[in-house]
Amino acid sequence: MKLIYNVKDKPSFPQVIVFAIQQLLAIMAATIAVPAIVGNGMTASAALFGAGVGTLVYQLFTKFKSPVFLGSSFAFIGSMLAAFAGGVSMALGFLGLIIGAAFAGLVYVVLAIIIKLVGVKWINKLMPPVVIGPTVALIGLSLAGAAIKDVFSYGPQDSNGSFIMTANIWVSLVCALVTLFVVVLCSTYGKKMARLIPFIIGILAGYATGLIFTLIGMATKNPELMIIDFAPFKALVADGVTLKTFLAVPEFTFLTAIKGVGEFKLSYLATIAVAYIPVAFVVFAEHIADHKNLSSIIEADLLEEPGLHRTLLGDGVGSFAGAIFGGCPNTTYGESVGCVAITRNASVITITTTAIMAILVSFISPFVAFLDSIPGCVMGGVCITLYGFIAVSGLKMIQKVDLEDNANLFTTAAILIPGIGGMAMAIGKVTITAIACALILGIITNVMLSKGRKEDKE
């Protein structure tokens, strides 16, 4: 796959702005979903600001050589909920979020130092394409269910898990398909800019379709057709037209966390440490898989240059910086990698601009309201392509592997089946994700069978 814009390329300023908006839309849903799931006073605008800050920190550590956006990490949701367990105050919980991110960042710093001292060859040997390929594919496949649930906007399901096609589900499906088809048509047959911004065009087409159904529903008083929720816009003028209607400062985590210092106890520190540190090791494995995938797209080994130690430092310190403002530890986003792959735009200037834009728009109330109003089904249509590209990127890595060799065949199988089957495990307060379990099992199988592999005998 030939890139239109490589990592160091500089598109024109108007193009960069449009590309950055597209990246922002690609990562938006997942970034603001984490604070919504955790609740406890966390806000989408603060998480968006934190993601922008975290990405800028990451870019600085990686010397602006890794074109990927850092967004709110789903892996730490259980850890974040643990910070509020036991009925602690919101102030102490917010303090726990920052301390937890510091613990996770510290794990990354230690790993980065070790890797700087011993190099990355052992990682390449421990996780060759036969391990990384299925794992990358698994990252995309594991998100498939989330995309389809968005397509049907969490409609009712029967006892077999099939969605019951009510009127509003049909509307959701139509909006999702319009979005999907516009994205793939623009990506495949689009000319010039249309081919570079398929997600913007697709989202606008899906939103317009949803708006038409919503207006028809309002005219006929049929709520099942009202696919767009205007509540975010109504909230802007709930108290009349004021400055907050246009601009509002996000509710930064550290401002509330300061009030919780007086409640802090060592027992609480231990709780946070146990909740965050083990998960950081799990995310480390996913960090390697993401960067291997991105490396294959830009045809440059990021583990060698700028180096895994730098990407880890950027991820760890960026997560901590992001949590100070938004409460959420950050991680490299598959949606961002998918966007780079589909648009063939790997310009790091686009990512840096996206980070700055995320910080700025977190203050702009109407834009945040618009993002909140985008129907889940529209984002579902987009995510089918994004997650699909991640899965296909992993399968392309497997293409280079000799699956006639049983050692490779069983290693691949040991990753795909447990991962797709959902082999996640909860050990105390720590949840090891299905992807992490599959990767660990794949590494063990690969090491166990490596002596019998054909290429090792030659």
Side-chain angles (χ1 to χ4, degrees), residues 1 3-5 11 14-32 69 140 143-144 146-155 163 165 167-217 225-230 297 333-346 350 354 357 367 370-393:
M1 179 183 67
L3 293 172
I4 296 175
Y5 290 106
Q15 286 180 319
V16 169
I17 296 300
V18 176
F19 296 156
I21 292 173
Q22 178 168 248
Q23 268 278 347
L24 191 63
L25 292 174
I27 59 88
M28 182 63 60
T31 297
I32 65 178
F69 190 92
L143 294 167
I148 299 307
K149 282 186 177 180
D150 279 342
V151 166
F152 291 107
S153 293
Y154 301 91
F163 286 94
M165 299 307 291
N168 64 318
I169 299 302
W170 278 110
V171 172
S172 295
L173 179 60
V174 169
C175 291
L177 292 179
V178 167
T179 305
L180 171 64
F181 293 149
V182 169
V183 169
V184 298
L185 288 172
C186 286
S187 297
T188 306
Y189 301 111
K191 303 296 182 182
K192 297 181 180 179
M193 282 297 289
R195 193 167 189 170
L196 285 167
I197 56 169
F199 299 121
I200 290 180
I201 300 173
I203 289 172
L204 291 178
Y207 195 98
T209 304
L211 183 60
I212 292 171
F213 278 117
T214 300
L215 293 176
I216 294 174
L225 299 180
M226 300 179 192
I227 201 72
I228 295 178
D229 183 6
F230 294 112
I297 293 168
Y333 254 24
E335 290 88 343
S336 178
V337 176
C339 188
V340 169
I342 293 173
T343 63
R344 292 184 287 174
N345 172 22
T350 298
T354 304
M357 191 176 288
F367 190 78
F370 167 71
L371 295 175
D372 287 341
S373 72
I374 296 176
C377 55
V378 171
M379 294 311 300
V382 170
C383 287
I384 288 176
T385 61
L386 288 173
Y387 301 157
F389 246 80
I390 297 170
V392 172
S393 295

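One is the number of the first residue; the rest follow in order along the sequence.
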Q.
Do F213 and I228 have side chains that approach each other closer than 4.5 Å (heavy atoms only, starting at C-beta)?
A. no
Q. For the side chain of S187 and the backbone of P198, is there at least one donor-acceptor N/O pair under 3.5 Å apart?
A. no
Q) Quick one: does V337's side chain get under 4.5 Å of Y333's, heavy atoms only? A) no
Q. Closest approach of G217 and M226, non-hydrogen atoms and distance?
A. O-CE, 3.3 Å
**Q.** Side-chain heavy-atom pair T343, F199 within 4.5 angstrom cut-off
**A.** yes
Q: Check step by step if side-chain contact (heavy atoms from CB on, under 4.5 Å) holds for I203 and V382.
A: CA-CA 7 Å; I203 289 172; V382 170; 3.6 Å; yes
Q.
What I want to check is whether the side chains of Y207 and T179 have a donor and an acceptor closer together than 3.5 Å.
A. no
(Q) Walk me through whether F367 and L24 qualify under side-chain contact (heavy atoms from CB on, under 4.5 Å). (A) CA-CA 12 Å; F367 190 78; L24 191 63; 3.9 Å; yes
Q | Interatomic spacing from SG in C383 to CD1 in I148 - rounded to 0.5 Å | A | 10.0 Å
Q.
Could you measure the distance from the CD1 atom of I200 to the SG atom of C186? Nearest 0.5 Å is fine.
A. 11.0 Å
Q.
Just so I know, are the side chains of T385 and I342 near enough to count as touching, which here means a heavy-atom distance under 4.5 Å?
A. yes
Q: Considering non-hydrogen atoms only, spot the tightest contact between M379 and L25 and give its length.
A: CE-O, 3.4 Å
**Q.** Any side-chain donor near an acceptor of the partner, Q23 and S336, under 3.5 Å
**A.** yes
**Q.** Close side-chain approach of T350 and T354, heavy atoms under 4.5 Å
**A.** yes
Q.
Could you check whether any side-chain N or O of R344 sits under 3.5 Å from a backbone N or O of I4, counting only pairs where one atom can act as donor and the other as acceptor?
A. no
(Q) Please find the pair of heavy atoms, one from S172 and one from I227, that lie closest to each other, and give the distance. (A) OG-CD1, 3.2 Å
Q | Heavy-atom closest contact (A20 atom, M357 atom, distance) | A | CB-CE, 3.7 Å
**Q.** Which atom of V182 lies closest to which atom of A205, heavy atoms considered
**A.** CG2-CB, 3.8 Å
Q: Examine distances only and state if a side-chain atom of Q22 and a backbone atom of L196 form a donor-acceptor pair shorter than 3.5 Å.
A: yes
Q | Side chain to side chain, V183 and I201, heavy atoms closer than 4.5 Å | A | no
**Q.** Distance-minimising heavy-atom pair for T31 and I27
**A.** OG1-O, 2.8 Å
Q: Look up atom CZ in F389 and atom CD1 in I297, then write down how far apart they are to the nearest 0.5 Å.
A: 8.5 Å
Q: Find out whether T188 and R195 are in side-chain contact, i.e. whether some heavy atom of one side chain is under 4.5 Å from a heavy atom of the other.
A: no
Q: Calculate, to the nearest 0.5 Å, the distance between atoms CG and CG belonging to L173 and L180 respectively.
A: 10.0 Å
Q: Decide yes or no on side-chain contact (heavy atoms from CB on, under 4.5 Å) for N345 and V340, but give the supporting numbers first.
A: CA-CA 5 Å; N345 172 22; V340 169; over 6 Å; no
Q | Test log, rule side-chain contact (heavy atoms from CB on, under 4.5 Å), inputs V151 and C377 | A | CA-CA 4 Å; V151 166; C377 55; 5.6 Å; no
